[in-house]
Visitor: 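This is the structure I want to talk about, given as structure tokens.
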Amino acid sequence: MRLSRREFIGVAGAASLGGAASLQAQGDSADLVLYNGSVVTVDDAFSIRQAIVIKDGRILAVGGNELRNRYPGARAIDLRGRMVIPGFHDTHIHLGGHSRRYIDLNDTTSLAQLKQQVSEKAKELGPGEWITGAGWDEYHFKEQRKPLRSDLDAAAPNNPVVLTRAGAHSSVGNTKALELADINKATPDPERGLIEKGADGEPNGVIRERSDLYTRLVPRDKPQEVRDSLLQNVRDQLKLGITSVIEAGSSVDPNVVGSYAEWELLYSKYGDTLPRASLQVGYPSPAGSAAAGAAKLKEFGKKTGDGNERLRVGSIGEMAADGGFTGPTAWSLVDYKGLPGFRGRAFFTPEQIHANIEEGHKLGWQFGIHAIGDAAIAMTVDALDKVLHDYPRNDHRHYLCHFTVLPPERTMQLMVKDKILIAQQPNFTYNLEGRYVETLEGKRLATNNALATPIKRGIFMAFGSDNLPIGPMVGLYAAVTRKGESGKVYGPGEAVSIKEAITMYTRNGAFLTREEKIKGSLEVGKLADMIVLPEDLLTVSPNKILNMKVDMTIVGGKVLYERA
Ligand SMILES: [Zn+2]
């Protein structure tokens with residue numbers, strides 16, 4: 001049942017006045033009652049209740065423990081004091097999908113282990129087959145250095161190998177992969193990328209920002225294999241308490257892995273067992289003709305907001321203004337630490353990015369543009385500002401993804417004026433600490449992935465993780481402590497309160513996808529998407545947040561995950 005806007009506001013208003021509110025017209029039957037807990041509604045007043053009642057996938061009532069007896073026919077769960085909050089909404093995540101040739105390196109803790117994984121995969125696939133993988137991070141390795149082509153040659157001399165770093169801004173290949181890519185000593189740096197060379201002048205296997213020089217040679221994944229792993233990746237979010245995601249890597253092109261069409265197929269079969277999803281699609285032909293891209297958008301036939309409560313079209317994303325500090329290729333206004341003259345670079349000219357935004361905006365699309373360095377952020381905001389000046393549109397909700405280096409004050413003021421929002425990843429301060437220490441210094445290091453400053457200026461922010469398999473607890477922890485993995489605190493003034501952090505990881509995500517009227521807080525009439533936590537986030541010591549596990553995840557009133 002869908003409430004009209006007028007009914008919804010009326011009922012929600014009554015709920016936030018206190019006491020129990022319910023839709024009398026529905027009588028006293030319900031499907032599920034959670035009681036005897038701390039139900040943190042994240043409504044306007046951040047009110048906390050004891051019980052919540054669910055019927056037909058939506059919230060029927062929120063109030064005191066007396067609700068339990070009012071719905072005797074409903075399944076009742078005694079929370080025994082545990083906490084309930086709205087489900088997390090991850091506003092920037094890459095759930096992709098992988099075939100058999102792929103190795104997950106997120107939990108790899110040494111180069112020796114990485115080599116072992118590669119050689120086992122080579123045995124499994126046989127000689128000649130491409131081996132791919134992602135998630136390695138030299139700061140997690142005992143040896144404290146990047147894998148190089150010589151490491152991969154030793155592990156798999158007879159297979160081309162390409163392994164992408166966590167953060168996806170660089171990849172390492174072996175000699176076979178370099179040969180197939182026709183990259184040698186004499187090869188100049190590609191546009192928007194960098195081929196690392198060793199002391200001998202030979203490529204060491206690492207290519208920054210242009211992993212595609214390798215990956216375009218890898219045979220296309222078999223759709224069925226990829227579908228299974230996509231399904232698994234999406235489902236895996238439930239145990240992290242994620243009930244909604246913005247997938248950052250989809251496409252309007254149905255022939256591409258991870259396309260909107262593939263997700264539609266997935267959701268038509270399994271939609272009611274998965275988190276809800278909004279798909280960011282890439283701007284078609286981002287560096288080519290903006291008009292040609294617009295033609296492909298029209299051909300797609302859908303735009304931002306189309307779809308349903310389970311799966312919908314999100315913004316145009318993946319149109320990265322620059323790279324990232326994992327490359328490192330973020331585009332900076334000042335030199336990188338220890339690299340005089342090196343400031344990274346933009347992926348587009350200001351004219352290109354402006355033309356793409358203008359075309360998509362005119363067609364009614366929302367944009368969510370990747371911008372990490374301060375130079376990239378300033379350029380993107382200038383482009384958005386010009387488009388909004390030339391083609392004003394109320395409530396456009398264009399946003400930036402990432403916002404790692406605080407841009408000049410002028411840029412933040414433009415963002416306030418133009419209502420440009422941010423999808424921020426508070427966990428980056430924690431899990432990318434090593435990269436930031438290496439590339440940034442002074443105030444720029446302390447304010448990496450700033451939270452409090454943009455919020456104080458009046459810029460709207462929602463949270464996400466970007467890096468799998470990092471869940472919301474890492475983000476909440478880093479948002480309130482500003483601690484890196486080493487335990488060192490970066491810019492304590494950028495911390496936010498746990499209430500603010502929860503709000504940005506739940507309700508504010510729903511605003512980013514224009515669904516704030518149907519989800520994001522636990523109010524009567526909204527979708528019953530919520531999680532049960534073993535301890536109270538509002539009162540536990542922040543150190544306990546980092547490893548807190550989710551007890552139960554409910555989407556649309558159905559318990560889709562329960563911790564053993
Ligand atoms: Zn991303």
Side-chain angles (χ1 to χ4, degrees), residues 88-98 104-106 134-137 164-171 192-193 208-212 215 230 233-234 236-237 240 242 244-251 256-259 263 275 277-283 286 314-331 344 346-348 353 366-373 376-377 380 398-405 421-432 435-436 448-449 461-472 474-475 478 505 509 512-513:
F88 292 119
H89 189 143
D90 193 310
T91 59
H92 187 100
I93 198 163
H94 300 264
L95 296 173
H98 302 293
D104 181 351
L105 299 165
N106 278 294
W136 60 266
D137 181 342
T164 301
R165 192 186 186 283
H169 291 284
S170 66
S171 289
R192 308 197 309 275
R208 300 186 195 171
E209 292 302 339
R210 291 296 306 275
S211 301
D212 63 299
T215 54
L230 173 62
N233 286 349
V234 180
D236 281 349
Q237 305 313 305
L240 300 172
I242 293 170
S244 288
V245 298
I246 297 179
E247 157 64 29
S250 190
S251 173
V256 168
V257 166
S259 69
W263 281 72
S278 169
L279 306 191
Q280 268 202 317
V281 298
Y283 192 84
S315 56
I316 295 176
E318 244 196 333
M319 201 178 76
D322 66 342
F325 286 103
T326 43
T329 48
W331 187 32
F347 283 0
F348 300 99
I353 202 162
Q366 178 192 24
F367 277 83
I369 302 169
H370 169 123
I372 285 190
I377 293 169
T380 307
H398 294 320
Y399 65 97
L400 304 182
C401 297
H402 309 314
F403 203 77
T404 293
V405 179
L421 325 171
I422 300 175
Q424 187 65 297
Q425 292 74 40
N427 55 283
F428 279 0
T429 300
Y430 177 84
N431 70 289
L432 294 181
R435 300 311 311 202
Y436 298 142
N448 78 73
N449 302 289
M461 186 182 283
F463 282 173
S465 65
D466 197 2
N467 293 171
L468 285 177
I470 291 166
V474 181
Y505 233 131
L512 226 57
T513 57

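Both ligands and their constituent atoms are indexed starting at 1 by order of listing.
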Visitor: Mind checking side-chain contact (heavy atoms from CB on, under 4.5 Å) for A330 and listing every partner two or more places apart, or none if nothing turns up?
Guide: D322, F325, Y336, I372
Visitor: Who passes side-chain hydrogen bond (donor to acceptor under 3.5 Å, both in side chains) against T380, sequence neighbours left out?
Guide: none
Visitor: What number of protein N, O or S atoms occur at distances under 2.8 Å from the Zn ion (ligand 1)?
Guide: 3
Visitor: For the pair H370 (side chain) and G323 (backbone), establish whether a donor and an acceptor sit closer than 3.5 Å, ignoring hydrogens and angles.
Guide: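 Such a contact is found between H370 side chain and G323 backbone.
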Visitor: State whether the side chain of E247 and the backbone N or O of G249 hold a donor-acceptor pair below 3.5 Å, judged by distance alone.
Guide: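 Yes.
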Visitor: Using modelled atom types and a 3.5 Å cut-off, is there a donor and acceptor pairing between side-chain atoms of Q280 and backbone atoms of G368?
Guide: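 Yes; at least one donor-acceptor contact below 3.5 Å.
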Visitor: With D236, which residues qualify under salt bridge (charged side-chain N to carboxylate O under 4.0 Å, His left out), at least two apart?
Guide: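 Counting only residues at least two positions away or on another chain, D236 forms a salt bridge (charged side-chain N to carboxylate O under 4.0 Å, His left out) with K239.
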